[in-house]
Amino acid sequence: MDLRHFLMCLSLCTAFALSKPTEKKDRVHHEPQLSDKVHNDAQSFDYDHDAFLGAEEAKTFDQLTPEESKERLGKIVSKIDGDKDGFVTVDELKDWIKFAQKRWIYEDVERQWKGHDLNEDGLVSWEEYKNATYGYVLDDPDPDDGFNYKQMMVRDERRFKMADKDGDLIATKEEFTAFLHPEEYEYMKDIVVQETMEDIDKNADGLIDLEEYIGDMYSHDGNADEPEWVKTEREQFVEFRDKNHDGKMDKEETKDWILPSDYDHAEAEARHLVYESDQNKDGKLTKEEIVDKYDLFVGSQATDFGEALVRHDEF
C-alpha cells in the first residue's frame with residue numbers, strides 16, 4: 001500500500017472513495033446491527049451469541065464441548081466484570097457487547113500502533129505520528145500525485161489535539177483510538193462534524209446548502225436526468241435536514257444528519273441477557289448465573305476464547 005492510500009485510510013476527508021455518478025455516498029454514522037439473524041429465543045440463541053461475541057467469533061462455536069464452553073465463558077465473565085466486585089451489571093455487559101461488535105476498530109488500532117510508537121514507550125506523540133505518516137513527502141512542495149499532504153497534516157494535527165485530552169501532544173492508546181476513529185467517541189463528535197462540513201462546504205461560508213449537499217453524494221457527469229434517489233435526497237434536505245428552513249444546514253443540523261441518535265441495540269441486548277439469567281432478580285449477574293445460562297450466551301458451540309482473551313487484554 002502506497003503512502004497516499006495509507007493516509008486516505010486515516011482521515012475522514014478522504015475516507016470516502018470516489019463514487020460512480022449513480023452511486024450514493026453515505027456520510028451517516030449508524031450503530032451497526034448486533035446480528036443479521038432473527039432475535040427469537042424460542043427458536044435459537046444465535047442472535048444472542050452474535051451479540052455477545054461478535055458474528056466472526058460466533059462462527060467457531062462448534063469447536064468446543066459444553067464443558068469447555070462453560071469453563072471459557074467463566075474466564076470471559078472475569079473480563080466483563082470491570083470493577084471486580086463479583087457481579088456483572090447491565091452497563092458492564094453493554095460495554096462488553098459494544099467492544100465485541102467493534103473489535104475490528106481495536107484490531108486496526110493495534111496494527112497502526114506498532115508503526116507509530118517509534119520509541120516503543122507505550123505512547124504515540126504527535127511528532128512520532130507526523131514523522132511515521134508523512135515523513136519525507138513534506139519536503140516535496142509539489143508531489144507527483146498532486147495531493148495536498150501539508151493541508152492534510154494540519155487537519156490531522158487538529159484532530160490529534162482534540163483526541164489528546166490532557167493536551168501534552170502525546171496519545172495513550174485510548175486517545176490514539178479516538179484520533180483514528182473519532183465517530184466512536186462522544187467528545188470527538190464535534191471534530192467529525194467540522195471535518196464533514198469542511199469537505200462539503202465548497203464556498204467556505206460555514207454552512208451546507210442544497211447544491212453542496214447533493215454535490216457531495218452525486219456527480220451529474222454530463223447526465224441531465226437525476227436518479228430517483230437524488231430527487232429523494234433533495235426532498236429530505238428541504239423537509240428534514242434543514243430544520244429551520246433557511247436553505248442551509250448549520251453545525252447542529254449537520255450533526256443530527258451524520259450522527260443520528262440511534263436505538264441502542266447493545267443496551268437492549270444487555271438488559272435482555274440480564275433479565276433471562278438473573279435468577280435472584282437483583283438486577284445484576286454473578287458468574288454462576290451466567291455460566292448456568294451458558295447456552296444463551298455461547299451455547300455448546302463456544303468460540304475459541306483463548307484467542308479472544310489475548311485480543312481483549314486491552315479491554
Side-chain angles (χ1 to χ4, degrees), residues 1-19 25-29 102 104-208 212 215-217 251 254-255 258-259 314:
M1 177 182 294
D2 62 33
L3 180 59
R4 182 183 180 186
H5 290 153
F6 178 69
L7 291 171
M8 289 173 71
C9 293
L10 298 180
S11 174
L12 286 180
C13 71
T14 51
F16 303 96
L18 293 176
S19 303
K25 180 192 295 182
D26 190 6
R27 288 191 178 271
V28 181
H29 300 277
K102 296 177 180 178
W104 69 271
I105 290 176
Y106 298 97
E107 291 174 346
D108 174 57
V109 171
E110 284 298 326
R111 284 192 297 270
Q112 298 207 39
W113 184 264
K114 295 174 183 177
H116 291 95
D117 181 13
L118 302 181
N119 63 3
E120 299 183 348
D121 65 348
L123 300 165
V124 172
S125 69
W126 166 247
E127 286 300 315
E128 282 181 309
Y129 177 81
K130 181 177 69 173
N131 292 333
T133 303
Y134 297 97
Y136 68 91
V137 298
L138 296 177
D139 297 327
D140 185 356
D142 187 23
D144 294 337
D145 56 19
F147 200 71
N148 192 334
Y149 294 108
K150 290 187 177 180
Q151 182 180 357
M152 194 173 197
M153 186 186 72
V154 170
R155 186 158 156 156
D156 274 355
E157 183 176 12
R158 181 182 63 190
R159 191 200 290 184
F160 193 97
K161 289 179 177 178
M162 179 72 75
D164 176 30
K165 286 186 172 182
D166 58 11
D168 61 358
L169 286 180
I170 300 174
T172 63
K173 189 166 288 187
E174 185 70 12
E175 290 170 334
F176 193 63
T177 304
F179 167 68
L180 294 177
H181 299 278
E183 70 281 356
E184 301 296 333
Y185 290 80
E186 189 66 34
Y187 80 101
M188 294 292 290
K189 288 186 176 180
D190 283 348
I191 201 72
V192 175
V193 175
Q194 183 177 356
E195 291 180 1
T196 301
M197 293 189 74
E198 288 172 352
D199 289 345
I200 303 175
D201 177 23
K202 300 305 181 185
N203 63 7
D205 65 350
L207 301 165
I208 298 175
E212 288 171 332
D216 178 62
M217 60 181 69
K251 179 179 177 180
T254 302
K255 184 176 183 178
I258 66 172
L259 297 168
E314 288 302 323

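- Separation of atoms NZ (Lys202) and CG (Asp199) is listed at 6.5 Å; rounding is to 0.5 Å.
- No donor-acceptor distance shorter than 3.5 angstrom exists from the side chain of Lys165 to the backbone of Met162, with no hydrogens or angles considered.
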task = Could you walk me through whether Val124 and Ile170 pass the side chain to side chain contact (heavy atoms under 4.5 Å, CB included) test, one step at a time?
result = CA-CA 6 Å; Val124 172; Ile170 300 174; over 6 Å; no
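- With sequence neighbours excluded, the residues that form a side-chain hydrogen bond (donor to acceptor under 3.5 Å, both in side chains) with Glu174 are Tyr185.
- The line from CE of Met217 to CD1 of Ile200 is 7.0 Å long, rounded to the nearest 0.5 Å.
- Lys161 is linked by a salt bridge (Lys or Arg N to Asp or Glu O under 4.0 Å) to Glu157, counting only residues two or more places apart in sequence or in another chain.
- Checked against side-chain contact (heavy atoms from CB on, under 4.5 Å), Gln194 has the following partners two or more places apart in sequence or in another chain: Arg158, Ile191, Glu198.
- Annotation: side-chain contact (heavy atoms from CB on, under 4.5 Å) contacts of Asn119 (sequence neighbours excluded): Asp117, Asp121, Glu128.
- Among residues two or more places apart in sequence or in another chain, the side-chain contact (heavy atoms from CB on, under 4.5 Å) test is passed with Asn131 by Glu127.
- For the atom pair CG (Asp156) and CZ (Phe179), the distance works out to 4.0 Å, reported to the nearest 0.5 Å.
- Thr177 places none of its side-chain heavy atoms less than 4.5 Å from the side chain of Glu184.
- Across all non-hydrogen atoms, the minimal contact from Ala178 to Tyr187 is CB-OH, 3.4 Å.
- The ring-ring contact (aromatic ring centres under 6.0 Å, His included) check on Trp126 picks up Tyr129, Phe160, with sequence neighbours excluded.
- With sequence neighbours left out, Asp108 forms a salt bridge (Lys or Arg N to Asp or Glu O under 4.0 Å) with Arg111.
- Here NZ of Lys251 is found 12.0 Å from OG1 of Thr196. Values are rounded to the nearest 0.5 Å.
- Leu259 contributes atom CG, which lies 8.5 Å from atom CD of Glu183 (distance to the nearest 0.5 angstrom).
- Remark: Glu186 engages Lys189 in a side-chain hydrogen bond (donor to acceptor under 3.5 Å, both in side chains) (not counting sequence neighbours).
- With Val192 as the fixed residue, the side-chain contact (heavy atoms from CB on, under 4.5 Å) test singles out one of Arg27, His181, His29: His29.
- Partners of Lys255 according to the side-chain hydrogen bond (donor to acceptor under 3.5 Å, both in side chains) rule, which considers only residues two or more places apart in sequence or in another chain, do not exist here.
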key: Stepwise side chain to side chain contact (heavy atoms under 4.5 Å, CB included) test for Glu175 and Asp166   = CA-CA 10 Å; Glu175 290 170 334; Asp166 58 11; 4.1 Å; yes
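- Take Asn203 and apply the side-chain contact (heavy atoms from CB on, under 4.5 Å) test, not counting sequence neighbours, and it matches Asp201, Asp205, Asp209, Glu212.
- Here the shortest heavy-atom pairing between Met188 and Pro182 reads CB-O, 3.3 Å.
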